[in-house]
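Below: one structure, written as structure tokens.
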Amino acid sequence: MRRSQYPCSVGRFYITTPIYYVTDAPHVGTAYSTINADALARYHRLAGDEVLFLTGTDEHGQKVADTAEANGVTPQEWTDRTSQRFRDAWTMLNISNDDFIRTTEDRHAESVQKFLTAIYENGYIYKGVYTGMYCVSCEDYYTSESLNEGLCPIHRRPVVEMEEENWFFRLSAFEDRLLEYFTSHPGFTTPETKRNEALAFIKGGLQDISITRTSISWGIPVPWDSAHVFYVWYDALINYLTAIGYGRDDAEVDKWWPHVTHLIGKEIIRFHSVWWPAMCMAAGIEPPAHVQVHGWLLVGGQKLGKSMGASGAVKLTDIAPKTLVDEFGVDALRYFLLRDTPLGTDGEFSIEALTSRYNSDLANNLGNLVARVATVVASKCDGVGPAPSASSPLATEAADALSGARAAWENFQPHLALERTWRLIGAANAYLETHAPWKMEPGAEVDQVMGDALEAIRVVTLLIAPAMPATADAIWSRIGLDGSPTDVGLDAAAWGAYPGGRAVVKGDPLFPRIKSDA
RNA sequence: GGGGCCGUAGCUCAGUGGUUAGAGCAGGGGACUCAUAAUCCCUCGGUCGUGGGUUCGAUCCCCACCGGCCCUACCA
């Protein structure tokens, strides 16, 4: 049974991450976004949907050009190098993206120019004069409202009024249509608190936005005015269409659009839930079906973010995924990020919390379950896994876990999906405890208990596959099954499919306990 | 300044206008010994931020305040 709350559940699932700005290095925050998107993509593949999973890098803008110059290379060389860091990070984290888009690619320039020309021809782009308060240190404009007593809020220095002739997008024309869209598509932006934020913003009145620059050259040229390039954010959003061939392959666009989920951080709600649907409307296509917002990871209550060096607090960029992977393993990091923080709320990130999850959930519950079952099968069943019984009490537990996890994944709640899955692990451990097969003589009774336990493990393996693909493959193999959980799909998680008669291998501990030396 | 979110057990969080507010982890006790000193059972533990108000009754609704945070239109 499929939930229809989200319009993207139509047998096709297109999910995107934000495209990451190349001046940053991949860090736990970007890994959090990407791992969540990956798990959702893997879930939908497992559930039988046709999936397109897109991530990439945002490579235009003045900051990139400046950074490249500071490093003595061209912007293109610089972005080639920095973009690659994201590819490498995602490879390390076992991210299954189907495409990786770079905004400096030709295909993107082509789509952007076609998309914006469509808006232009529809009359929603006009030439105007942008007047703003400019901070020389930031090289950035501020609105008068955002100034702090007339000073730049970051540098606390005076700003100067500057004028620039720009092309503007008539965002103001879409207020009513956006409100109508939010009303008729209540699941457009989730969770609801974030939807309310976007809605309140629209109701507060929309102003036109400046979408081009003449002061910089590292961007996509405006087709009808070669003196201008598009402002970085305005070209960035269009990547979601570039990847499905906007302006180049209409069939592909029709196939995937608008049934898309944009997974984003809460700081870019406005771009995705206000600008972007308006841009789509202006270009004459449907707005995206779904924006799923996630919160931020905090360290000690502090934002794990970018420019907070002045406070001396831990910065997100200080925590490289690689160091965590080296210590805990890829799947443990994935599990922690998916399990500990619900999508939509801020979460605490700490080594202590990661260690705690690792030891209790992965080592003690899951890893130990697999190990103890393998041992008993070896000693009481000659190492051959028996088939399960149809009437096992674990069958009910497994069915509950399957339906609960399924619903949670469909509703973009990986943490809940894993919580449901772990209930089955707990039930399997308790089941072993009550029957104590290690006290029994080999025979039918032991076979039944161990067959049930193996079947529970098999179901668990299918359910964790989106979150921990490598672990799922490893367990699958240890209980004697061929191939991978992804080969059989989620429907195979119905109770009773463990065939029996398969050699069960114990192997090394999947998650050796980590001694906390705190 | 304006808009919004959050504040529930030591920790991370669920939750509902109504008899005794829940879970996991941590802590305590017991059982077991197949297993990664793992597991299983039981248990301790909360003036539900503060002060008012609405109500027969509020943790949940309203107001104020305190504390933390986000957005305010160019950085996940």
Side-chain angles (χ1 to χ4, degrees), chain A residues 17-24 26-34 58 61-64 132 138-143 145-146 171 193-194 196-201 203-204 206-211 213 231-234 236 263-271 274-275 294-298 301-307 316-317 339-342 345-348 350 352-353 356-357 359-365 367-380 415-416 419 422-423 426 428-434 436-440 450 506 508-514:
Chain A
T17 72
I19 48 173
Y20 304 107
Y21 206 56
V22 286
T23 50
D24 276 334
H27 49 64
V28 183
T30 45
Y32 175 66
S33 295
T34 308
D58 185 9
Q62 189 61 41
K63 276 186 189 169
V64 174
C138 295
E139 300 189 53
D140 235 348
Y141 284 101
Y142 289 92
T143 58
E145 296 84 40
S146 62
L171 181 64
T193 56
K194 304 305 181 191
N196 292 340
E197 270 186 48
L199 206 47
F201 178 71
K203 287 176 177 168
L206 299 175
Q207 294 171 25
D208 294 345
I209 50 182
S210 157
I211 61 168
R213 296 289 181 272
Y231 156 58
V232 55
W233 251 110
Y234 213 70
L263 179 66
I264 63 162
K266 67 180 182 181
E267 76 289 353
I268 51 176
I269 292 175
R270 302 244 161 116
F271 301 116
V274 182
W275 287 23
H294 69 70
W296 275 343
L297 299 179
L298 311 173
Q302 297 261 359
K303 172 182 162 187
L304 249 193
K306 315 188 168 197
S307 43
L316 182 55
T317 46
R339 173 65 185 83
D340 230 47
T341 305
T345 62
D346 291 348
E348 296 279 341
S350 69
E352 290 74 17
S356 173
R357 280 287 174 205
N359 279 336
S360 62
D361 293 1
L362 299 181
N364 296 353
N365 292 341
N368 186 54
L369 173 65
V370 173
R372 69 196 302 207
V373 165
T375 300
V376 178
V377 168
S379 64
K380 303 289 183 180
H415 75 290
L416 196 55
E419 195 266 334
W422 253 254
R423 284 194 200 176
N429 272 318
Y431 181 76
L432 290 173
E433 213 65 38
T434 54
W438 46 87
K439 289 181 177 172
M440 300 173 179
M450 297 319 293
K506 178 161 184 189
D508 294 330
L510 291 164
F511 300 99
R513 273 184 68 83
I514 292 174

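Order of the sequence lines sets the chain letters (A, B, ...), proteins ahead of strands, with each chain counted from 1.
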Heavy atoms under 4.0 Å, any strand shown: does A/Phe271 hit a base, just sugar-phosphate, or nothing? sugar-phosphate
To the nearest Å, how far apart are A/Ile209 CD1 and B/U72 P? 13 Å
Can you sort out the partners of A/Phe271 under ring pair (Phe, Tyr, Trp, His ring centres under 6.0 Å), two or more places apart, ordered by chain and number? A/Trp233, A/Trp275
Here the pair of heavy atoms bringing A/Ala374 nearest to A/Lys506 is CB-CA, 3.7 Å
Between C1' on B/C41 and OH on A/Tyr431, what's the gap in Å once rounded to a whole number? 19 Å
With C1' as the reference atom in both, quote the distance from B/G10 to B/C66 in angstrom, rounded to an integer. 23 Å
What integer number of Å spans the P atoms of B/C63 and B/A76? 33 Å
Can you check nucleotides 4-11 of chain B for protein contacts, nitrogen or oxygen pairs under 3.5 Å, and list what you find?
none

Just jot down the side chain to side chain contact (heavy atoms under 4.5 Å, CB included) partners of A/Thr345, sequence neighbours excluded, or say none. A/Thr341, A/Pro342
Separation of the C1' atoms in B/U47 and B/G51, to the nearest angstrom: 13 Å
For A/Asp340 and A/His294, take the nucleotide of RNA chain B holding the closest heavy atom to each; which residue's nucleotide lies nearer the 5' end? A/Asp340
Determine the contact category for A/Gly295: base if any of its heavy atoms lies under 4.0 Å from a base atom, sugar-phosphate if only primed atoms, P, OP1 or OP2 are that close, otherwise nothing. nothing
Drop me the distance from A/Arg339's CZ to A/Arg357's CZ, to the nearest 0.5 angstrom. 4.0 Å
In whole Å, measure the gap between the C1' atoms of B/G53 and B/G57 for me. 14 Å
What pairs with A/Phe511 under ring pair (Phe, Tyr, Trp, His ring centres under 6.0 Å), at least two apart in sequence or on another chain? A/Tyr358
What is the distance from atom CG of A/Leu297 to atom OG of A/Ser350, rounded to the nearest 0.5 Å? 10.5 Å
Taking atom C1' in both B/G22 and B/U59, compute the distance separating them and give it to the nearest angstrom. 13 Å
Would you confirm whether A/Asn359, through its side chain, and A/Ile514, through its main-chain N or O, come within 3.5 Å as a donor-acceptor pair? yes
Please report, rounded to the nearest Å, how far the C1' atom of B/C69 is from the CH2 atom of A/Trp296. 9 Å
To the nearest angstrom, the CH2-P distance between A/Trp422 and B/U39 comes to 14 Å
Say you draw a straight line from NZ of A/Lys203 to CG of A/Leu199; how long is it, rounded to the nearest 0.5 Å? 4.0 Å
To check you understand the geometry: which heavy-atom pair defines the closest contact between A/Thr17 and A/Ser33, and what is its length? CG2-O, 4.4 Å
For RNA chain B, write out the stems as range with range, using runs of 3 or more consecutive Watson-Crick or G-U pairs with both distances under 3.5 Å. B:1-7 with B:66-72, B:10-13 with B:22-25, B:27-31 with B:39-43, B:49-53 with B:61-65
How long is the gap from CZ on A/Arg372 to CE on A/Met450, to the nearest 0.5 Å? 9.0 Å
Quick one: A/Lys266 NZ to B/C75 C1', roughly how many Å, whole number? 16 Å
CZ (A/Arg270) and CZ (A/Phe201) are apart, to the nearest 0.5 Å, by 4.5 Å
Under 3.5 Å, is there an N or O donor on one side and an acceptor on the other linking the side chain of A/Lys63 and the base of B/C75? yes
From CD of A/Glu267 across to C1' of B/U72 the rounded distance in Å is 15 Å
For atom P, what is the distance between B/C40 and B/A64, given to the nearest Å? 49 Å
For B/G15 versus B/C56, give the span between their C1' atoms, rounded off to a whole number of Å. 24 Å
Please find the pair of heavy atoms, one from A/Leu432 and one from A/Trp438, that lie closest to each other, and give the distance. O-CH2, 3.4 Å
Which value, in whole Å, describes the distance between the C1' atoms of nucleotides B/A38 and B/G17? 45 Å
Which value, rounded to the nearest 0.5 Å, describes the distance between A/Trp422 atom CH2 and A/Asn429 atom CG? 11.5 Å
Measure from NE2 on A/His27 to P on B/A76 and round the result to the nearest Å. 9 Å
Reading nucleotides 22-38 of chain B 5' to 3', which nucleotides get B (base under 4.0 Å from a protein heavy atom), which S (sugar-phosphate only), which -? ---S------SSBBB-S
What contact category does A/Ile268 fall into here, base, sugar-phosphate, or nothing, at under 4.0 angstrom with non-hydrogen atoms? sugar-phosphate
Output the rounded distance in Å from CZ (A/Arg423) to C1' (B/A14). 11 Å
